[in-house]
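This report concerns only the one structure given below.
All chains are named by letter (A, B, ...) in the order of the sequence lines, taking the proteins before the strands, and each is independently numbered beginning at 1.
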Amino acid sequence: MQASYYPSEVEEQVQAYWEKHLSFQVTERLDKEKFYCLSMLPYPSGHLHMGHVRNYTIGDVMSRYERMRGRNVMQPMGWDAFGLPAENAAIQREVPPAKWTYQNIEHMKHQLKRMGFGFDWSRELTTCKPEYYRWEQWFFTKLVEKGLAYRRNAIVNWDPVDQTVLANEQVIDGKGWRSGAIVEKREIPQWFIRITSYADELLDELDSLEGWPDSVKTMQRNWIGRSEGLEIEFKIDKECQAPLRVFTTRPDTIYGATFMAVSIDHPLTQSVASQNPDVSDFVSSCRRGAVSEVEFEAMEKRGMSLDVNAINPLSGEKIPVWVANFVLTGYGTGAIMAVPAHDTRDHEFALRYRLPIRQVISPLTDEEVDVQIQPWVAKENTVTVNSGDFSGLSYHMAFEKIATFAEQHGIGERKINYRLRDWGVSRQRYWGCPIPIIHCSVCGPVPIPEDHLPVLLPEDVTFMGVQSPLRELDDWLNVNCPKCGKSSVRETDTFDTFVESSWYYARYCTPNAPSMLDDRADYWLPVDHYIGGIEHAVLHLLYFRFWHKLMRDIGLVSSDEPTTKLLCQGMVLAKAYYRDNDESGRIWIRPEEVDFHTHEGTTDKVPVWKVDGQVVDETGWTTMSKSKNNGVDPHDLIDRYGADTVRLFTMFASPPDQSLEWNDDAVAGSHRFLRRLWAIVYRHEDISTVKLENFSTVDQTTRTLRRDVHTILQRIHRGMERQQYNTVVAGCMEMMNSLDRFDIGDSMERKVALTEGIDILIRVLSPITPHICHVLWQALGKNEELLDSPWPVVDPLALIRDKIQLVVQINGKRRTQIDVTPGLEDQEIRAVVLSDPTVSQYIGDATVKKVVVVPDRLVNLVI
RNA sequence: GCCGGAGUGGCGAAACUGGUAGACGCGCCAGACUCAAAAUCUGGUGGUGGCAACACCGUGUCGGUUCGAGUCCGACCUCCGGCACCA
């Protein structure tokens, strides 16, 4: 064994050992409990960033720990290889997206290997390869057959200059990011998958997902947004107009409706607009503007009277109908009844356009309510007022009575609405999985039969970034209709990349299967622990759950949910640097290219670009992302300190579910710890192989060491189980401090106790820093494979104490502490405490009114 | 705007079920070793007052519950994530 720790040597050697022994290749085994540990697959952007390192280190620590606990662990890895950045790179660097992607994968795979992650590379998958995407094409044709996929028109961002569809991310302040042209909305036919048919199951099953964080479940619940309400008809006082149907969750407020509002696409609006140029101008002015919900919510709430009246179905009152830009076309019926007294948005609108506000709900308490000033939206402890026959009722009673009334009179019905919308999967892009459809002028859209699949995406193309090159490839585009044989054209849209990431976890279980999945899937599924960024809490994780149910209903898997446990790691944040430029917009500068200059006479540090020495702008803490160019490359850190240090530091810096503000100055401390660990093993390399069965007769110092080691082990174990790896590392550091301070002298029993401590320390640390532990383990002459050595067990006898420190509080303030033997009865503790001289001083002449005893911990005297 | 989180020393953080706030580490200060420096090792380190024992204050802000609150409840402030075509 060498006297000093050389990480690169150690790591190369150990990685070669794992490679040679195929240490992480697994197959289905019935003699062991399986553990499927899944980390979210990366987009191959070109470089591993700290978010990946954090994600995969968490997964690797968990996997290695579970393996030591005796499980058959599978930990796969792959590439989410389709997507927009490859197209952008293609335009910038004139490289075909495929070539760029495959190069990136090669580089990143090398980086992952250098980190020492225990992936089973024989299961690697790449989503842009036909052997992967062919199965999702096949699956999609099944969905079309089952009526779960359908085509309808939907709105996209249209860049009139570049003649292309833009992603929301590519629209900045309403303008195209490259052309700068004002973005238009355009309606085009697109494919949708009926996630709304599964809304109830997706919602209800959240309750049984005990291993999921509550925050994620709450977000999904709110996203699905199930609401029970009443759909009710308001007649229009013009003969020719169909009645307005509105959905409301507050039937108890119907008497307070003082106007109606309809969306700009509502038939009533269109009918009025055709005769009224003001309305039609208003509608077209609303058509520009937001596609995304953020912009939609942020925009000014505007409206215009349609000069039409509706008749309140309960009171018979005539109320005006308005068209308003905040009424959603896609939610409910595209029309609402507005009750400004009891709804915040309606209230705002009513004030703005001076529409009447009428209170129809009162509090049961003596709370003061003035709805002219503020809306009052409570549902509990309320009573209806000014509501004719329906006055004097609670929310629930009013709901029931009014709903029943509406149903009996044929003017309405109880209904359930969802905020969730069907999943639009069409993308007007080249670098994605081709949607397996042929458009025939006779048969319409025809799914491609199984024996004609896959539809290959041509990889050798010149991509100019203006339009999808698929439209230009005549050989690819023109085909005969599979049904009638007439010449037809292929669908040129590709799938949303969320489709690939919705089922990759299942395919990992069945590498090389000549079908989408096979029996092996049911051995491994569901995933036991899924680890990924919190930013995926809703979209990806909902589609992922949804797709699993689709696969179940086609008979490919038998479980209901894809994963039993979920860990959402916090974001890794870094500062980002940029400069705004009139011509090219905002350019982002890599942190490595930024220096900090101190101005004379101040301590303020100003970021400057190394290239030109000029000042750049700085963001606050923000996510590391490709677009902001602020990813920290772990490569340099590995070169400097080794992968073990990087792994140790990322685990130590903060708990997995919290965000981590990256600061590489602090890494050195973790490295120092590994050097000390190396040194202590080097000092005791000739360590004893004797095992003591019975430690009960050893000296006090040895007993103290063993108590420390086993108490800390207990905490480390708890940290592992809770995935609080930062406290695991802290525990390892403490344990080493204890071992380091322990002087063995010539004592055999002390030597044995130290041996035990070092053995435990190396084992518990090995999931986090596996390379150094592997080498130290061998240096100690262990024959057993460290990867499969059992996780150490706490010796309960070592934990026994003969004295404990009892804290004494007086009126809740800590005053002193007393040593007592553990396990005393309350009465005994009381006596000891009250007879203590320090305590008596504090009490003085006062009478003790109350004594609170927390056994073996604390006593509080109330005087 | 809506939904979900977070806020504790100079910094990253810990604190089990409401029971000694600040474990562990970074940084800093002092000392040892050295011709010197680096590295390493030892000790100290929340704030204020005090020679000291010690006292008071202290977990984003304000208020509440409790013998006792970082932890529970209410209101607010700031920051982060998501908002359906970034992944």
Side-chain angles (χ1 to χ4, degrees), chain A residues 40 42-43 45 80 82-85 88 156-157 165-171 190 213-223 225 291-299 301 344-345 419-429 496-498 501 533-540 542-543 568 570-571 573 620-623 625-627 649 652-655 657-661 663 665-670 672-673 675-676 679 715 718 722 724 726-727 729-734 737 805-817 849-852 854 857-863:
Chain A
M40 287 184 185
Y43 178 80
S45 57
D80 187 16
F82 277 136
L84 209 48
N88 297 333
V156 292
N157 302 305
V165 175
L166 297 178
N168 285 346
E169 189 192 48
Q170 298 171 314
V171 180
Q190 306 200 60
D214 289 335
S215 55
V216 174
K217 289 191 277 188
T218 308
M219 280 189 261
Q220 293 211 349
R221 258 181 218 115
N222 293 337
W223 185 263
V291 171
S292 75
E293 189 187 321
V294 188
E295 288 175 284
F296 188 82
E297 290 289 338
M299 77 191 179
K301 310 287 177 283
T344 312
R345 194 151 57 176
R419 204 186 77 96
L420 181 69
R421 310 197 292 260
D422 276 339
W423 176 14
V425 293
S426 298
R427 296 292 179 270
Q428 296 69 43
R429 295 199 215 300
D496 176 7
T497 55
F498 275 127
S501 57
I534 183 68
E535 69 274 22
H536 296 292
V538 175
L539 289 179
H540 162 65
L542 195 63
Y543 295 141
C568 285
M571 311 292 293
L573 308 178
W621 288 109
T622 181
T623 52
S625 72
K626 296 174 287 293
S627 58
F649 178 72
F652 185 48
S654 71
D657 55 356
Q658 259 177 52
S659 61
L660 190 158
E661 290 167 7
N663 167 14
D665 293 342
V667 181
S670 298
R672 191 151 38 217
F673 168 74
R675 283 216 303 266
R676 286 180 61 204
R715 287 213 315 268
R718 186 165 180 272
R722 297 199 309 160
Q724 295 293 100
N726 55 328
T727 64
V729 175
C732 290
M733 288 173 167
E734 259 184 278
N737 290 341
Q805 291 178 332
L806 189 72
V807 170
V808 182
Q809 293 186 337
I810 291 166
N811 288 342
K813 283 199 175 198
R814 181 182 177 279
R815 289 306 181 188
T816 185
Q817 58 184 34
K849 291 185 206 148
K850 191 172 174 184
V851 181
V852 181
V854 183
R857 296 198 74 135
L858 168 145
V859 173
N860 188 16
L861 306 174
V862 185
I863 59 173

*Grab the CD-P distance between A:Q658 and B:C79 for me, whole Å please.*
19 Å
*If you look at every strand shown and take non-hydrogen atoms under 4.0 Å, does A:A653 touch a base, only sugar-phosphate, or nothing?*
sugar-phosphate
_Could you check whether any side-chain heavy atom of A:V216 comes within less than 4.5 Å of a side-chain heavy atom of A:C568, counting everything from C-beta outward?_
yes
_From CZ of A:R419 over to P of B:G4, roughly how many Å is that when rounded to an integer?_
11 Å
_Of the listed nucleotides (B:G4, B:A87, B:C67), which one gets closest to any side-chain atom of A:D80?_
B:A87
*So do A:R815 and A:L861 actually touch side chain to side chain, heavy atoms under 4.5 Å?*
no
*Using the P atom as the reference point in each nucleotide, state the distance between B:G22 and B:A14 in Å, no decimals.*
15 Å
*Indicate, with a heavy-atom threshold strictly under 4.0 Å, whether A:L420 touches base, sugar-phosphate, or nothing.*
base
*Distance between the P atoms of B:G70 and B:G18, in whole angstroms?*
13 Å
*asked:* Heavy-atom nearest nucleotide on RNA chain B for A:Q809 versus A:L660: which residue maps closer to 5'?
replied: A:L660
*asked:* Between B:G50 and B:A32, how many Å separate the two P atoms, rounded to a whole number?
replied: 30 Å
*Please confirm whether the backbone N or O of A:D496 pairs with a side-chain atom of A:R427, one donor and one acceptor, at under 3.5 Å?*
no
_Rounded interatomic separation in angstrom, taking CG from A:D657 and P from B:G7_ = 10 Å
_Let's see if you can work this out: which of B:A84, B:G4, B:A87 has an atom nearest to the side-chain heavy atoms of A:T218?_
B:G4
*Is any side-chain heavy atom of A:R221 closer than 4.5 Å to a side-chain heavy atom of A:T218?*
yes
_If I take atom CD from residue A:Q428 and atom CD from residue A:Q190, how far apart are they, to the nearest 0.5 angstrom?_
5.0 Å
_Rounded to whole Å, please give me the gap between NE2 in A:H540 and C1' in B:C85._
17 Å
_Any N or O donor-acceptor pair under 3.5 Å from the base of B:C85 to the side chain of A:R429?_
yes
*Would you give the length of the straight line joining atom CG of A:N860 to atom CG of A:N811, rounded to the nearest 0.5 angstrom?*
7.0 Å
*Could you provide the dot-bracket string of RNA chain B, using ( ) for intrastrand pairs, [ ] for crossing pairs and | for bases paired to another strand, with Watson-Crick or G-U pairs below 3.5 Å?*
(((((((..(((......[....)))((((((.......))))))((((....))))..(((((..]....))))))))))))....
N/O contacts under 3.5 Å, protein versus nucleotides 53-55 of chain B?
unit_1	atom_1	unit_2	atom_2	d
B:A55	OP1	A:Y842	OH	2.7

*Closer than 4.0 Å, any side-chain N/O of A:R857 to the OP1 or OP2 of B:G19?*
no
_N/O (side chain, A:R675) to phosphate O (OP1/OP2, B:U40) under 4.0 Å_ = yes
*Side chain A:E295 and base B:C83 donor-acceptor under 3.5 Å*: no
_Taking the minimum atom-to-atom distance to the side chain of A:F498, which one of B:G1, B:A13, B:A87 wins?_
B:A87
*With a non-hydrogen cut-off below 4.0 angstrom, is A:Q190 in contact with a base, only sugar-phosphate, or nothing?*
base
*asked:* Taking syn as a glycosidic torsion within 90° of 0 and anything else as anti, which one is B:G9?
replied: syn
*Output the distance between atom OG (A:S654) and atom CD (A:Q724), rounded to the nearest 0.5 Å.*
10.0 Å
*Under 4.0 angstrom, heavy atoms only, what part of the nucleic acid is A:L84 near: base, sugar-phosphate, or nothing?*
sugar-phosphate
*For the pair made of CH2 in A:W423 and P in B:C85, what is the distance, rounded to whole Å?*
10 Å
*Using the P atom as the reference point in each nucleotide, state the distance between B:C83 and B:C72 in Å, no decimals.*
29 Å
*Heavy-atom side-chain proximity of A:N157 to A:Q170 below 4.5 angstrom*: no
*Would you indicate whether the side-chain heavy atoms of A:T497 and A:Y43 approach each other to under 4.5 Å?*
no
*With a 4.0 Å cut-off on heavy atoms, is A:V851 in touch with a base, just the backbone sugar-phosphate, or nothing at all?*
nothing
*B:G4 P sits how many Å from A:N222 CG, rounded?*
5 Å
*Whole-angstrom distance between B:C41 and B:C51, as gauged at atom P*: 37 Å
*Can you measure from CG (A:L539) to CZ (A:F498) and round to the nearest 0.5 angstrom?*
5.0 Å
*Among B:C16, B:A13, B:A84, which nucleotide sits nearest the side chain of A:R718?*
B:C16
*What's the shortest heavy-atom distance between A:S501 and A:H540, and which atoms?*
O-CE1, 3.0 Å
*asked:* Working to the nearest 0.5 angstrom, can you tell me the gap between A:T816 OG1 and A:L806 CG?
replied: 10.0 Å
*Examine B:G12: is either OP1 or OP2 under 4.0 Å from a nitrogen or oxygen in the side chain of A:S654? Give yes or no.*
no
*asked:* Less than 4.5 Å apart, side chain to side chain, heavy atoms only: is that true for A:V729 and A:F649?
replied: no
*Which whole number of Å gives the distance between the P atom of B:C79 and that of B:A87?*
28 Å
*Compare the minimum distances between each of B:A14, B:A84, B:A87 and the side chain of A:W223, then state the nucleotide with the smallest one.*
B:A84
*Treat primed atoms plus P, OP1 and OP2 as sugar-phosphate and everything else as base, then score nucleotides 22-31 of chain B 5' to 3': B for base contact with protein heavy atoms under 4.0 Å, S for sugar-phosphate contact only, - for none.*
-BBSSS----
_Within the structure provided, determine whether A:I534 and A:M219 are in side-chain contact (heavy-atom separation under 4.5 Å)._
yes
*What nucleotide, of B:U20, B:A14, B:A87, holds the atom closest to the side chain of A:P655?*
B:A14
*Do A:Q428 and B:C85 share a donor-acceptor pair, side chain to base, under 3.5 Å?*
yes
*When the P atoms of B:G31 and B:A37 are considered, how many whole Å apart are they?*
11 Å
*Provide the distance between the two P atoms, one in B:C80 and one in B:G43, to the nearest whole Å.*
41 Å
_Between C1' of B:G81 and CG of A:D214, the distance in whole Å_ = 17 Å
*Test for a donor-acceptor pair under 3.5 Å between the base of B:G1 and the side chain of A:E293, counting only N and O atoms.*
yes
_Could you check whether the side chain of A:N860 and the base of B:C67 have a donor-acceptor pair of N or O atoms closer than 3.5 Å, going by distance alone?_
yes
*How many Å lie between CG on A:L858 and C1' on B:A69, as a whole number?*
14 Å
*Output yes when at least one side-chain N/O atom of A:K813 is less than 4.0 Å from OP1 or OP2 of B:C57, else no.*
yes
*Contact class for A:V862 (heavy atom, under 4.0 Å): base, sugar-phosphate, or nothing?*
sugar-phosphate
*Indicate yes or no: at least one non-hydrogen side-chain atom of A:N737 is less than 4.5 angstrom from one of A:R676.*
yes
*Measure the spacing between CD of A:Q809 and CG of A:L858 and express it to the nearest 0.5 Å.*
4.5 Å
